[in-house]
Amino acid sequence: MNPGRIIGLDIGGERIGVAISDEMGILASPLGMIRRTSSVDRELDTYIRQYQPVGIVAGLPIGLSGREGPQAKEVREYTDALAERAGMSLEYWDERLTTSIAERSLIGSGVRRKERRDKVDAIAASVILQGYLDHARWRKNAPNR
């Protein structure tokens, strides 16, 4: 992916978590959660206009067995169309256990159950994006094998 901000997405059946990286591609930060209603594309476009990312990293729901199921197909269809519409590159990142990591992080921070529901998707998106950024940085700096 080219240098610049990257938007991270955790796409669920009812909600989409959104995160953004810094311009250097070092740190992912949660932005918010979008409900999957008729205005979801407009709300995502607002984030894209505001932050002007150069690419998208979408969490891909892979089962613990390593297989992709029907939800992964839905995520691929949705994000492929989004990337084409936005004219951006797209990468997928394994999202296994990211919601659990996000939930534990919020519990550890003392966030009440009612408030966690609205934050967990954005935190999960930042976990997905941070995993991608860390791997990309490692790959760039790893000696040739």
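Numbers here are sequence positions counted from 1. Predicted, not measured: the structure shown is a model, and the values here were computed from it.
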To the nearest 0.5 Å, what is the distance between CD1 on I62 and CG on D94?
4.0 Å
I want to check something: taking the side chain as every heavy atom from C-beta on, are P53 and I48 in contact at a cut-off of under 4.5 Å?
yes
Is there a side-chain contact between I6 and Y132 (heavy atoms, below 4.5 Å)?
yes
Is E74 paired with R36 through a side-chain N to carboxylate O contact shorter than 4.0 Å?
yes
Specify the closest pair of heavy atoms between L133 and A28, including all atoms of both residues, with the distance to one decimal.
CD1-N, 3.9 Å
So do the side chains of V75 and E95 get within less than 4.5 Å of each other, counting heavy atoms only?
no
Nearest heavy-atom pair of G8 and A125: which atoms, and what distance?
O-CB, 3.8 Å
Under-4.0 Å salt bridge between D134 and R137:
yes
If you compare all heavy atoms of P61 against all heavy atoms of A72, which two are closest, and at what distance to 0.1 Å?
O-CB, 3.5 Å
How close do P30 and A122 get, heavy atom to heavy atom, and via which atoms?
CB-O, 3.5 Å
Could you state the interatomic distance from CD (E91) to CD1 (I128), rounded to the nearest 0.5 Å?
14.0 Å
Hey, quick one: are L31 and L82 part of the same hydrophobic cluster, counting side-chain heavy atoms closer than 4.5 Å, chains of contacts allowed?
yes
May I ask whether I123 and L60 are part of the same hydrophobic cluster, defined by side-chain heavy atoms of I, L, V, M, F, W, Y residues being less than 4.5 angstrom apart, directly or through others?
no
Linking I/L/V/M/F/W/Y whenever any side-chain heavy atoms sit under 4.5 Å apart, do I11 and I34 land together?
yes
Common cluster, M88/I20, ILVMFWY with side-chain heavy-atom separation under 4.5 Å
yes
Rounded to the nearest 0.5 angstrom, the CD-CD1 distance for Q50 and I7 is 9.5 Å
Any chance you could measure E23, atom CD, to R5, atom CZ, to the nearest 0.5 Å?
4.0 Å
Can you tell if the side chain of V40 reaches within under 4.5 Å of the side chain of Y78, non-hydrogen atoms only?
yes
Correct closest heavy-atom pair for Q71 and G12 would be NE2-CA, 4.3 Å
How many angstroms lie between atom OG1 of T37 and atom CD of E43, to the nearest 0.5 angstrom?
6.0 Å
Output the distance between atom CH2 (W93) and atom CD (Q130), rounded to the nearest 0.5 Å.
11.0 Å
What are the two closest non-hydrogen atoms of I16 and D121, and how far apart are they?
C-CB, 4.5 Å
Is there a path of hydrophobic side-chain contacts, each under 4.5 Å between heavy atoms, that joins L44 and L90?
yes
